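I have placed the structure first, in the form of structure tokens, so that the comments after it can refer back to it.
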Protein chains: 2
Amino acid sequence: MSFTYDYPRPAVTVDCVVFGLQDQRLRVLLIRRARPPFEGQWALPGGFVDMDEDLEVSARRELQEETGLRDIFLEQLYTFGTPGRDPRGRTISVAYYALVNTADHPPRADDDAAEAEWVDVDRAHKLAFDHDEILATALARLRGKVRYQPIGFELLPRKFTLSQLQRLYEVILERKLDKRNFRRRILSMDLLVELDEKQQDVSHRAARLYRFDKRKYRRLEESGFVFEL
Amino acid sequence: MSFTYDYPRPAVTVDCVVFGLQDQRLRVLLIRRARPPFEGQWALPGGFVDMDEDLEVSARRELQEETGLRDIFLEQLYTFGTPGRDPRGRTISVAYYALVNTADHPPRADDDAAEAEWVDVDRAHKLAFDHDEILATALARLRGKVRYQPIGFELLPRKFTLSQLQRLYEVILERKLDKRNFRRRILSMDLLVELDEKQQDVSHRAARLYRFDKRKYRRLEESGFVFEL
DNA sequence: GTTCTTAGTGTATTTGTGACACTATGAACA
DNA sequence: TGTTCATAGTGTCACAAATACACTAAGAAC
């Protein structure tokens, strides 16, 4: 079967930059390409958009097909369409970025990918297509956005300690934060719920666990509150 | 001539939300569609992406073809691809937003548009396609971005007074600003060059003119400075 | 019970923000 | 030529927010 048009049309794909946190490092989920072009090279998960499918749905479908991930935080990032970015012909890629808690989502290669792995963002080079550039764009966006939108929590387990949260920000923003100032600040926003639970299985004093109250944030946001760290 | 592919492909378009300032109001440049679908209705300027043309180049070309505008500030906004957004069939639109100084760029309808006009953003409703949504997205982006990126200057003449600049921010952010605090703040950033010139042809005390020093901003930006209003 | 690691806590200083009102200038007009 | 009118231009004070900074507490490991 084939499809014919009066004018030439570019192919349209989606690509996903999925960020996770592992061993105190920021990681990105890459797949090893199972077929040409760039066979055997690392690439962002992604694929062609189906004809009757919304773009975001498309991104979620590809992510699930290639890495098993579902129901995660996902936002549109930028659209890349420079001619020549795909050797198979003009291809426009709508890129998305996602944040996941890696503990809940072990990497796994499904259908189309030979292999899937969490790679340290500082070591993710020489990716297929223009994926280095897409990754760089996603990183810049994450660094910019994390400061004025409470999206960092998406990278942590549902229950976390304040130290974990602080380390998360330190890793993303690439600078040390003062412990007392950080705590004062984040607690003063009144978005965290203090749980009656402590960390388990640590060989030092166990820290109190908290969770992020997304509903409360939504409510505050509507009445003009702005998260800012 | 026709073009055939193994899989169906969406059509890809670009649409531009061009903002301008006129009579102390924020305006958007609309064209009246010269042909179906939505013939005679107001729409954002835009059109199909050429096969060998970068997306941004495409947006600039369409803008020039339909409105005569060129060499203006233009950034990618968001990509809209919900199935059904174009009655002619699946169409993905990469939207851009632009800022121009309307004094230098009088509206004019070129080739493809029947008419082009600066419309008050509050009155720009019932546009063709999903252009209402695109406009709303662009407005939200402009309001968010203008506070931490010095892009507002793109809407003013090269030489402007501090009062003009303040009114610009008041119009975009939809709130009154304190004159003295505004001046203290903007001048303390040291991004404006005080000119040896004053306003002409006003029937009251003439104000000093300033211009934005883009180079200086670029330099400061690289050394970690962040514009914030 | 000693050591080790991380949790948890308060204050003082500096800096930034917001609120606020009058004089200066120059054109228009009587 | 002086009065009116519109907008330009200027400083301070009170309060809030940001920063810098160091010790004690808890609990596991040995």
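Below, read A as the first sequence line, B as the second, and so on, with proteins coming before strands; counting in each chain starts at 1. The structure presented is a predicted model; accordingly, all values stated were derived computationally and were not measured.
As rounded to whole Å, 12 Å separates atom P of dA18(D) from atom CZ of R147(A). In this structure, I186(B) atom CD1 and dG9(D) atom P are separated by 15 Å, rounded to whole Å. We find that CD of E228(A) is positioned 13 Å from C1' of dT17(C), with the value rounded to whole Å. The CG-P distance, from L187(B) to dG11(D), rounds to 12 Å in whole Å. Note: CZ (R208(B)) to P (dG9(D)) measures 7 Å, nearest angstrom. Rounded to whole angstrom, the span from the CD atom of Q199(A) across to the P atom of dA28(D) amounts to 11 Å. Residue K198(A) contributes atom NZ, which lies 11 Å from atom P of dA28(D) at whole-angstrom precision. Residue R185(A) contributes atom CZ, which lies 11 Å from atom C1' of dT19(D) at whole-angstrom precision.
Ion pairing between R218(B) and E222(B) fails under the 4.0 Å rule for side-chain N and carboxylate O. Salt bridge status for E221(B) with K214(B): absent, with no side-chain N to carboxylate O gap under 4.0 Å.
Contacts of residues 164-182 of chain A with DNA chain D (heavy atom under 4.0 Å): D178(A), R180(A), N181(A).
R183(A) comes within 4.0 angstrom of a base, heavy atoms only.
Looking at heavy atoms from C-beta onward, L229(A) lies in side-chain contact with F227(A) at the 4.5 angstrom threshold. Residues E170(A) and K176(A) meet the side-chain proximity criterion, which asks for heavy atoms closer than 4.5 Å.
Residue whose closest nucleotide on DNA chain D sits further toward the 5' end, between A206(A) and A207(B): A207(B). Residues S203(A) and L162(A) each lie close to DNA chain C; by heavy-atom proximity, the contact nearer the 5' end of the strand is made by S203(A).
A donor-acceptor contact under 3.5 Å links the side chain of R205(B) to the base of dA24(C). Within 3.5 Å, a donor on the side chain of R184(A) pairs with an acceptor on the base of dT19(D), or the reverse.
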For residues 73-82 of chain A, dump all side-chain donor-acceptor pairs below 3.5 Å to protein atoms at least two apart in sequence or in another chain.
unit_1: E75(A); atom_1: OE1; unit_2: Y97(A); atom_2: OH; d: 2.9
unit_1: E75(A); atom_1: OE1; unit_2: K145(A); atom_2: NZ; d: 3.0
unit_1: Q76(A); atom_1: OE1; unit_2: T79(B); atom_2: N; d: 2.7
unit_1: Q76(A); atom_1: NE2; unit_2: Y96(A); atom_2: OH; d: 3.4
unit_1: Q76(A); atom_1: NE2; unit_2: T79(B); atom_2: O; d: 3.0
unit_1: T79(A); atom_1: OG1; unit_2: T79(B); atom_2: OG1; d: 2.5

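The only member of L142(A), T137(A), L99(A), L44(A) that meets side-chain contact (heavy atoms from CB on, under 4.5 Å) when paired with V17(A) is L44(A). Tested against D190(B) for a salt bridge (Lys or Arg N to Asp or Glu O under 4.0 Å), the candidates R219(B), R185(B), K216(B) yield a single pass: K216(B).
Considering only side-chain atoms of H204(B), the nucleotide from dA6(D), dG27(D), dA18(D) that sits closest is dA6(D).
For the pair S163(B) and dT7(D), the criterion of a side-chain N or O lying under 4.0 Å from OP1 or OP2 is not met.
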